[in-house]
Amino acid sequence: MSASDEIWILGIHMTKFGKYPNHDVVDLGAEAIMGALADAQVTMADIGILAAGNLMGSGGIGQQLQKQVGQTGIPVFNVSNACATGATALRTAIMAVKAGEVDMGLAVGVEKLAGAGLLGGGGKSKSDDNVWSPSGRYGAVAPTDGRIGTDTMPGVFAQIGMEYGHKYGGTSFELFARISEKNHSHSTLNPLAAYNKAMSLEQIMGDIMIAYPNTRPMCSANCDGAAAAVVVSGAKLKTLSLEQQRRAIKVTASVLTSDPWQEACQILPDVNTLTRNAALQAYELAGVGPEDLDLVELHDCFATAELVHYDNLMLCEEGGAVDFFNSGAPWRDGRLPVNVSGGLQSKGHPISATGIANIWEVCQHLRNEGGQRQIEGAKVGLAHVIGLGSACGIHVLESSAA
Amino acid sequence: MTDTVASQVPLVEYLVLGDKPHLVAQECTSCGARFFDRRNACAKCFATDFRQVDIATTGVVRTFTIVAYAAPGIPVPFVSAVIDCEGTSVRANLIEVPADPEHVSTGMNVELATYSLGVDDNGAEAIGFGFRPVAA
Ligand SMILES: [Zn+2]
């Protein structure tokens, strides 16, 4: 084998997102893998590397999954990269194929998160002997979460959206709620979404406030789920059936970035710079621009996050995210549909599964298998995730007919 | 009992108490990047020499959120904010202001203020900090 210039998704699958009280992470991950292998029309015997992601479990998810679906002795990479874990697993499998070490790889991400509640925040409380004693990197005598700003995800991303509004203007509680209204509306056409009820603007704005301006339905939905993908080299794909070749989706860019230093990044995570950097790299690699995209699945972990990523992914001109949204562009009947799956706010966000599930969504449309929510004629799509800390994964996908 | 001033402890090491409470940072002597914790090398330029510098005690609110739902034991609602203190970004709560969007906005002028977190069994008083509104 030699290094491969072309990478294709041969098979991909996501479980329905939701609550699985009687399934563990191994059950869910195995369901995703079995689905992806069937979709690819291959078996574990064809797979040369497994990359697996799961954040909240006990570790070693890849090996646990092999025992469930087929142990062949191949290398396993257990990866962890916050909310970009799934995309990182896929990126890992792609790198192995691209390097020519294997000609087929498998990536899976799985999470059990239903009922998990608030993520981030908390911290150690004052010691039992009731003496102020410094600890940690800042020599803090008491937990800093809540005393020196917030560590909670809804609060962090609220500040990220509000900062955009401060810089460019035009944002409001209602604007952010309208973004959420769009995604909840989109999810009504997605049978695999954890929630698929439309919500009115009044319902969204009147719901429980979590961190202004994000109310509960404007936050990503904690749920269970898994997704998996089989990737193959261009040379190997040519040896497979015409049906496999027809349904294969070309990965024209697979990019992972982290934070370059920015003045305020130690204070408030900067999700903008690394996303913009990843987008620039991805467009360059894929040889397309934002104007060529037919749909985008981006990391709307909160309504406030979706707004800034319109700009970071250059779906609009710099500073133009509010106008872009108000033009109707990101609605499914708009110029550039964003999160037609319902996004993290309504489809759900089982952390490690998300970075492959959003690619599954794009693939459905590029294969013209999107059912009732098919974006007609879709040829090129982009999937984006971000894990706070930070890691940003972007994949650009093209149909084989493109 | 020890005397009150001597027995005050700051919430974090980068808060300096005394007549004029203020924050301090470790500044890279090579590029000027500032950090509130220790670094082995500068995250911006990789140089390894740092000096301690005082941070301005006034600034402008660049962004905020009003946290209504937090981890157990954290009083809500509170205002979490990023304040631009003459070029150095500082994370803090906004205090001495109602925690609602009618009273808090980006672009607000604020200044550092301290408050008591309570006294421990040895009589030591912990002092926290926040930023409060000032007239423009
Ligand atoms: Zn430096």
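Reminder, nothing fancy here: chain letters follow the sequence lines and each chain counts from 1. Hydrogens, waters and symmetry mates are skipped; everything else that's a heavy atom, side chains included, is used. From a predicted model like this one, the values you see are computed outputs, not experimental measurements.
Proximity to chain B among residues 201-212 of chain A is limited to A/Met209, A/Ile210, A/Ala211, A/Tyr212, judged by heavy-atom separations below 4.5 angstrom. Taking 4.5 Å as the heavy-atom cut-off, the residues of residues 162-183 of chain A that approach chain B are A/Met162, A/Glu163, A/His166, ordered by number. Within residues 259-267 of chain A, the residues having any heavy atom under 4.5 Å from a heavy atom of chain B are, by residue number, A/Trp261, A/Glu263, A/Ala264, A/Gln266, A/Ile267.
B/Thr65 and A/Gln159 are not linked by any side-chain donor-acceptor pair at a separation below 3.5 angstrom, with hydrogens and angles left out of the test. Side chains of A/Ser187 and A/Ser346: a donor-acceptor N/O pair is present below 3.5 angstrom, by distance only. No side-chain donor from either of A/Asn130 and B/Asp120 sits under 3.5 Å from a side-chain acceptor of the other. Side chain to side chain, B/Glu125 and B/Ser116 meet the donor-acceptor criterion of an N or O pair below 3.5 Å. A donor and an acceptor atom, one from each side chain of B/Thr57 and B/His22, are nowhere located under 3.5 Å apart. If you check the side chains of B/Thr106 and B/Arg62, you find no donor sitting under 3.5 Å from an acceptor.
Note: B/Thr58 OG1 to B/Asn109 CG = 8.0 Å, rounded to the nearest 0.5 Å. In this structure, CZ on B/Phe36 lies 8.5 Å from CZ on B/Arg34, to the nearest 0.5 angstrom. Between the CG atom of A/Leu55 and the CD atom of A/Glu111 there is a distance of 5.0 Å, given to the nearest 0.5 Å.
Contact of B/Phe64 with chain A is made through backbone and side chain together, with heavy-atom distances under 4.5 Å. At a 4.5 Å heavy-atom cutoff, the contact between B/Val61 and chain A is made by backbone atoms alone. If you measure heavy-atom distances from B/Pro10 to chain A, the contacts under 4.5 Å come from the backbone alone. The contact between B/Thr88 and chain A is made by backbone and side chain atoms together, counting heavy-atom distances below 4.5 Å. With a 4.5 angstrom heavy-atom cutoff, B/Val79 does not touch chain A via any of its atoms.
In terms of non-hydrogen atom pairs under 4.5 Å with chain A, the most contact-rich of B/Ile66, B/Asp100, B/Leu15 is B/Ile66. In terms of non-hydrogen atom pairs under 4.5 Å with chain A, the most contact-rich of B/Ala81, B/Pro101, B/Cys42 is B/Pro101. Listed options A/Pro154, A/Gly146, A/Pro213 were ranked by heavy-atom pairs under 4.5 angstrom with chain B; first place goes to A/Gly146. Among the candidates B/Ala70, B/Pro75, B/Ala99, B/Ser80, the residue making the largest number of heavy-atom pairs closer than 4.5 Å to chain A is B/Ser80. Chain A forms more heavy-atom pairs under 4.5 Å with one residue of B/Cys45, B/Gly130, B/Ala68, B/Ser105 than with any other, namely B/Ala68. Of all the listed residues (A/Gly136, A/Gly149, A/Gly139, A/Gly161), the one sharing the greatest number of non-hydrogen pairs under 4.5 Å with chain B is A/Gly149. Residue with the most contacts toward chain A among B/Asp84, B/Asn93, B/Val82: B/Asn93 (heavy-atom pairs, distance under 4.5 Å).
With contacts defined as side-chain heavy-atom distances shorter than 4.5 Å, the pair A/Met56/A/Leu113 qualifies. Side-chain contact between A/Glu317 and A/Asp323 is absent, with no heavy-atom pair separated by less than 4.5 Å. Inter-residue side-chain proximity for A/Pro269 and A/Val156 is flagged as met; some heavy-atom pair is nearer than 4.5 Å. With a 4.5 Å cut-off on side-chain heavy atoms, B/Phe78 and B/Val76 count as touching.
Contacts classified as ring pair (Phe, Tyr, Trp, His ring centres under 6.0 Å) and involving residues 88-124 of chain B (residues at least two apart or in different chains) are not found.
Of all heavy-atom pairs spanning A/Cys223 and A/Phe17, the tightest one is SG-CB, 3.8 Å.
Residues A/His299 and A/His309 keep their aromatic ring centres 6.0 Å or farther apart.
Ion pairing between B/Asp49 and B/Arg51 fails under the 4.0 Å rule for side-chain N and carboxylate O.
Relative orientation of the A/Phe325 and A/Tyr310 rings is parallel, given thresholds of 30° and 60° on the angle between their planes.
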Worked verdict on A/Thr304 versus A/Asn214 for side chain to side chain donor-acceptor pair (under 3.5 Å) = CA-CA 7 Å; A/Thr304 46; A/Asn214 288 322; 3.1 Å; yes

